[in-house]
Amino acid sequence: MTKQEIRNRIEQLKREKSAVILAHYYTTKDVQEIADFLGDSLALSVKARDIDASIILFAGVNFMAETAKVLSPNKKVLIPVPEAGCSLAESCEAEALARLKRQYPEHKVVSYVNTSVGVKALTDVCCTSTNALKVVESIPREQPIIFAPDRNLGSYIQKITGRDNMVIWDGACLVHEEFSLEGILRLRAEHPEAKVVVHPECKAEIVKIADYVGSTAGILDYCKESNAEEFIVVTESGILVELERRLPAKRFIPAPTIGSEGGCNECHYMKMVTLENILSCLEQESPEVILDEDVRKAAEQSILNMVAIR
Ligand code: 13P
Ligand code: SF4
């Protein structure tokens with residue numbers, strides 16, 4: 001089948017089955033183009049809750065599809081590649097978080113949405129990088145917090161809020177940790193007018209030199225509103241597709257990783273989703289996200305708390 005034939009067949013199946021495709025900005029250009037809705041992790045969660053469809057096909061990593069299923073238990077949620085994980089989610093197992101909670105019984109748990117459903121079941125309120133600051137600020141200042149699992153986002157929020165009562169999990173996104181400060185400073189010297197836009201999953205030394213720090217949706221908004229014409233982009237490469245589509249007159253320069261000359265880093269999990277496996281998943285209505293109902297229910301409130309804070 002040609003690429004166009006695959007696209008046509010996917011469109012036909014979407015209509016026949018009342019299916020929608022939700023895709024994250026880090027997926028490939030082909031996948032972004034076939035999506036009915038493209039977004040950051042917060043917007044995708046809200047969409048999954050509200051959308052009127054029998055089937056949601058989640059083009060992204062598995063914690064995102066699980067989140068959609070928690071919020072939409074009566075819809076069939078499909079995930080083309082269930083093995084598409086996330087280094088952050090993998091850095092925090094539910095049993096280990098349960099142990100930490102026993103050590104700090106007075107602490108409320110704020111978890112990044114990049115976690116398993118088992119971790120969400122132990123969480124008071126989830127957050128994404130779009131609303132992490134608002135989520136932490138919604139908790140009384142004197143209330144101590146466990147923040148899991150991203151040490152970079154956690155430290156960034158701790159720095160802005162000045163809260164010294166946060167226990168921060170020691171996890172990280174391998175994609176964002178690999179950006180090179182030296183390489184970014186070199187690029188900035190070559191492009192002195194360019195603004196440096198950084199995802200908060202990056203290391204503190206990179207966050208420190210940023211002109212803007214924010215989620216994928218935040219970066220898109222900032223680049224639109226800024227008067228600058230050039231941007232050094234320090235996040236996963238998929239965002240460049242949407243930046244260039246929305247803002248064709250502006251120039252986006254991918255930040256280099258340690259030991260490389262250039263090119264934004266890629267999340268190999270996000271890139272596992274292809275037109276071919278989307279088609280096969282829609283045809284077979286499998287793989288499907290199936291959750292244990294007790295765990296789903298236990299995780300639900302933490303995600304509802306998250307989507308209520310925007
Ligand atoms: P956003 O919430 O900014 O879309 O990021 C999701 C993610 O996985 C970042 O690595
Ligand atoms: Fe997870 Fe990092 Fe990939 Fe985002 S970019 S899905 S945090 S591994």
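When a ligand or atom number is given, it counts from 1 through the structure's own listing order.
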Closer than 4.0 angstrom: is that true for some heavy atom of [X] and an atom of ligand 1?
X: Y26; result: yes
X: T130; result: no
X: C173; result: no

Q) Is R296 reaching over with its side chain to a backbone N or O of V70, donor-acceptor style, under 3.5 angstrom? A) yes

Q) Are any side-chain N or O atoms of N152 and backbone N or O atoms of E201, one a donor and one an acceptor, separated by less than 3.5 Å? A) yes

Q: On the 0 to 90° scale, with breaks at 30° and 60°, tag the H24-Y26 ring pair as parallel, tilted or perpendicular.
A: perpendicular

In terms of residue, atom name and distance, what is the protein heavy atom nearest to [atom]?
atom: atom 1 (Fe) of ligand 2; answer: C86 SG, 2.4 Å
atom: atom 5 (O) of ligand 1; answer: H199 NE2, 3.4 Å
atom: atom 3 (Fe) of ligand 2; answer: C267 SG, 2.4 Å
atom: atom 2 (Fe) of ligand 2; answer: C173 SG, 2.3 Å

I need the atoms of ligand 1 closer than 4.0 Å to a non-hydrogen atom of [X], numbered in the order shown.
X: T216; value: 1 (P), 3 (O), 4 (O)
X: S215; value: 3 (O)
X: H176; value: 10 (O)
X: D40; value: 4 (O)
X: S129; value: 1 (P), 2 (O), 3 (O)

Q.
Once you restrict to heavy atoms under 4.0 Å, what part of L174 touches ligand 2? Side chain, backbone, both or neither.
A. neither

Test your reading of the structure: does [X] have an N or O sitting under 3.5 Å from an N or O of ligand 1?
X: S41; value: yes
X: T128; value: no
X: Y112; value: no

Q. Any heavy atom of E201 sitting closer than 4.0 Å to ligand 2?
A. yes

Q.
Between E11 and K14 (salt bridge meaning N to carboxylate O under 4.0 Å), is one present in this structure?
A. yes

(Q) Strictly below 4.0 Å, N to O, side chains only: are E229 and K250 in salt-bridge contact? (A) no

Q | Beyond-backbone contact of C86 with N114, side-chain heavy atoms, under 4.5 angstrom | A | yes

(Q) Does any part of the side chain of T130, heavy atoms only, come nearer than 4.5 Å to the side chain of T216, both counted from C-beta? (A) no

**Q.** Pair N305, Q301: side-chain N/O donor-acceptor within cut-off below 3.5 Å
**A.** yes

Q. Any luck finding a side-chain donor-acceptor pair between H176 and T235 under 3.5 Å?
A. yes

Q.
Nearest 0.5 Å, please: how far is CE in M306 from OG1 in T128?
A. 6.5 Å

Q. Nearest to atom 9 (C) of ligand 1 by heavy atom, M270, E201, E236: which?
A. E201

Q | Transitive ILVMFWY side-chain link F63 to L22, under 4.5 Å | A | yes

Q.
Could you check whether K195 makes a cation-pi contact with F231, meaning its NZ or CZ is under 6.0 Å from the centre of the six-membered ring and within 45° of the ring axis?
A. no

Q | For L88, the ligand 2 atoms whose distance to one of its heavy atoms is below 4.0 Å | A | 7 (S)

Q.
Heavy atoms only, cut-off 4.0 Å: how does N114 contact ligand 1, side chain, backbone, both, or neither?
A. side chain

